[in-house]
Amino acid sequence: MINQIKLRVSRTIKAAIQQAINQNEISLESIPDIIFSPTKGPEHGDIATPIAMSLSKLAKMPPRQIAKTIVKHLVDDPLIRQVEIAGPGFINLFVSEDWLYEILENIIHQNKNYGRSQSNISKRILIEFVSANPTGPLNIVSGRAAAVGDVLANLLNATNQNVTCEFYINDAGKQVERLGESIDIRYRQLLGEEELEIPEDGYHGTYLIDLAQLIIKNVGKQYLQLDRDIRINKFKNIGIQHLLDGQKSILKRFGVEFDVWTSEQKIRNDKKPEQIIEIFKQKNLLYESEGATWFQMTKFGDDKDCVVIKSDGEFTYFVPDAAYHRDKFDRGFDLLIDILGPDHQGHIAHLDHLIKALGYNTEQFEGLIVQQVNLVHPDGNRVEMSKRKGHLYTLDQLINELTETVGEQFAVDVARYFFLNRTNNSHLDFDIKLAVTRANDNPSFYVQYAHARCCSIFREMKDRKIDQLPINQVKLNLLAIDEETQIIKKMADYPEVIMNAAKEREPYRIPKYLYELASQFHTFYNKSRVLDTKHQDLMQSRLVLVRCVQIVIANGLKLLGISSPEKM
RNA sequence: GCGCCCGUAGCUCAGUGAAUAGAGCAACUGACUUCUAAUCAGUAGGUCGCAGGUUUGAAUCCUGCCGGGCGUGCCA
């Protein structure tokens, strides 16, 4: 809606500039696109354009004089109520408020679909995220990635894209070998070989002691009789299965569902890495050196070549990873989005180069980094998390701690809100004390409370046997005080917020928007009474407003995977 | 050394080349006989890391420097 208005205004302004040129009042060779800048507040009108300032140099005239000339030639349009020239040369336009009431009708009519849009380009998109090694429980960094990926998928779906969510299981390679070895040591420690120690590059977390105990409970010490290699392999498989089950279960608890789980081992069993080597060989991109096989990544823009087959004959991670991405393309996706942790940032460039080397367009691949999460303890110390060192704060622990104070559903809501309320790029300080003990201050509750208040009004309405009129019988133009029109304008922005958040891959815009809307609603609620039977017409119009707020907040929270409570 | 990210109020963070740089938390002052006070109204708090440059206009773009994080050819 607001976009249509901008388009119309933009044409009107262009026409005015053309008129001014025709009458030799402005000298310009061509008319640029009219851009609109955000208005700081109501005093700057509904739409503002700095066009006069940007034309200043080309036309060799002071900005305010250009603005005056443009305004002089603006043709009358019932849509535009008032025009002002302000500051260094802004043209501020005040839009007639008739359109506001159409917004309310739209929201009521579209209900759950309000905010969804039909993008003109519908793509098949695959988002890969979390993809944690199956060597430990999911930590809160993975929790952040899970929330971001899940919501990004919702956003893309809401803009008419066809999205598949995928988890890549790194169940092959060195890391899981070390997992097997570490379980072996825990197993033998528990059975009396106390002098054994987990090597530095093994997994030190106590969860492997628990797992070893479970294994002993199930099969006793019979595995000691197996060959070490066979035993470690067995432990590796048991470990992967067990830890992956744990990851799946916490993701489900956290409300994140994946459509596809792809196993690296399966990619390897299908000999897809060998196909990559074959392709590179045919393209003459490989050479031998120092006993290893190298890939000429420098040909694709990197500053270094890289090893693809190690001197021990094993692939480096590049090869199965390239095979995996080729496999994704083979499945017919137009765009691959990988959400990766900060420790993989160098990897994005590599993937880019590999994809180029395989003959795909790099525009079909996007690597996003979700930054690290620092754990802030009550004493103020930040803790770096590392699965191998065993410094671990798991997503499970977080949800458990939150559940103790706010209950299971709100625990998930709060955690998700917390993870989503930052730009992907910025580090997130997760202050446990704040999240747990000050749960009531969490902005998540603030937004949910606004929804609960709307519901509460309708409950009270029914209790008092007040009937709500159909919208076509309501005098919507009674909604005229600032608090009311500001809320409606805010709700008019919602579809655009969704679209931009999807386009820019920035889920944090949604909680930010919802907080602002909730804030405006709370202000309105404190100032104005809705259920006022002495003023029937006004009451009916406000009931429409409240219904719309309820719909928009519920729709937004739904996208975030956060519940919309009717009571709090 | 090189690459990426970050540096904005006491703290955590927004900020699309544009108007007086904004929120929340913490602090302080007020508001419940009301549709839910998990709320609201208000006060205070800033050399936008530093120095140059581009521009009519820079927190935003460019260069250099300082500080923090992550990565950096056979871990993934």
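In what follows, chains are A, B, ... by sequence order, proteins preceding strands, each numbered from 1.
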Q | SB check A:Glu181 A:Arg178 (cutoff 4.0 Å) | A | no
Q: Kindly say if A:Tyr449 contacts the phosphate of B:rA38, meaning a side-chain N or O under 4.0 Å from OP1 or OP2.
A: yes
Q. Ignoring hydrogens and angles, does a donor from either the side chain of A:Gln371 or the base of B:rC5 sit under 3.5 Å from an acceptor on the other?
A. no
Q) Just to confirm, is there a sub-4.0 Å distance from OP1 or OP2 of B:rA14 to any side-chain nitrogen or oxygen of A:Thr423? A) yes
(Q) So, does A:Thr523 get its side chain near the phosphate of B:rA41, meaning an N or O under 4.0 Å from OP1 or OP2? (A) yes
(Q) For the residue pair A:His44 / A:Asn92, report whether a side-chain donor-acceptor contact shorter than 3.5 Å exists. (A) no
Q) Is any N or O donor-acceptor pair between the side chain of A:Gln345 and the base of B:rC70 shorter than 3.5 Å? A) yes
(Q) Any strand counts, and the cut-off is 3.5 Å on both contacts for Watson-Crick or G-U wobble. Which nucleotide pairs with B:rA27? (A) B:rU43
Q.
Can you measure A:Ile47 atom CD1 to B:rA19 atom C1' for me and round it to whole angstrom units?
A. 17 Å
Q. A:His427 stacking on B:rG69: centroids under 5.5 Å, ring planes under 30°?
A. no
Q: Find the partner of B:rU16: check Watson-Crick (N1-N3 plus N6-O4 or O6-N4) and G-U wobble (N1-O2, O6-N3) distances, both under 3.5 Å, and reply none if neither fits.
A: none
Q.
Less than 4.0 angstrom between a side-chain N/O of A:Tyr417 and OP1 or OP2 of B:rG24, yes or no?
A. no
Q) Has A:Phe90 got its ring stacked on the base of B:rA18, with centres under 5.5 Å and planes less than 30° apart? A) no
Q. Can you tell me the Watson-Crick or wobble partner of B:rG64, both distances under 3.5 angstrom?
A. B:rC50
